[in-house]
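Here's the structure, in structure tokens; my notes come after.
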Amino acid sequence: MTIDKSLRVKKGVSRSRNVLTRVERIEKLKSMDKWAEGESPFDLPKVRVNKIVLKKKKKAKEEGDAAAAPAKGAAKAAPAKK
């Protein structure tokens, strides 16, 4: 049997998660110097999750690149057909 496309996992979660695991929260607190060894891992303070926003590519630039690529390939393929 095959797995439905909606259930497949390609590279994990592609969007940012809202909740960090306890280990991730402790690592982030250590990097901010708010965690000392020996403290209780329970009742941790809140840690802000920074969302990464990627800029969208311009369509005109992609269309120009796509149009130029087949033209180069077509010139090379034409002599081979003779």
Side-chain angles (χ1 to χ4, degrees):
M1 277 189 148
T2 60
I3 298 175
D4 188 61
K5 287 184 179 182
S6 64
L7 300 174
R8 287 186 186 164
V9 177
K10 294 179 183 175
K11 294 183 182 178
V13 178
S14 61
R15 62 185 181 271
S16 63
R17 299 183 330 211
N18 294 333
V19 180
L20 298 177
T21 62
R22 182 174 285 131
V23 174
E24 291 170 335
R25 288 172 70 185
I26 291 173
E27 288 174 0
K28 196 147 191 166
L29 289 169
K30 282 181 182 178
S31 68
M32 296 187 301
D33 295 328
K34 293 185 178 183
W35 174 262
E37 289 295 324
E39 288 186 22
S40 174
F42 303 108
D43 297 327
L44 295 173
K46 291 182 179 179
V47 177
R48 185 178 180 106
V49 179
N50 295 330
K51 295 181 181 179
I52 299 172
V53 178
L54 301 175
K55 294 182 180 178
K56 294 183 180 180
K57 296 179 182 179
K58 294 182 180 178
K59 289 185 180 180
K61 192 173 187 179
E62 290 177 1
E63 290 174 1
D65 292 340
K72 290 179 184 176
K76 291 179 183 177
K81 291 182 180 179
K82 289 182 181 179

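- Residues passing the side-chain hydrogen bond (donor to acceptor under 3.5 Å, both in side chains) test with E39: none are found, sequence neighbours excluded.
- Alongside W35, the hydrophobic cluster contains L20, I26, L29, M32, L44, V47, V49 (criterion: ILVMFWY side chains under 4.5 Å).
- Listed by chain and residue number, nothing satisfies the side-chain hydrogen bond (donor to acceptor under 3.5 Å, both in side chains) test with K34 (two or more places apart in sequence, or in another chain).
- For the side-chain hydrogen bond (donor to acceptor under 3.5 Å, both in side chains) test, no residue two or more places apart in sequence or in another chain qualifies with D43.
- Residues R22 and E27 are not paired through a salt bridge, judged by the lack of any N-O separation under 4.0 Å between the basic side chain and the carboxylate.
- Shown here are the side chain to side chain contact (heavy atoms under 4.5 Å, CB included) partners of N50, two or more places apart in sequence or in another chain: K28, R48.
- For T21, the side-chain hydrogen bond (donor to acceptor under 3.5 Å, both in side chains) partners at least two apart in sequence or on another chain are E24.
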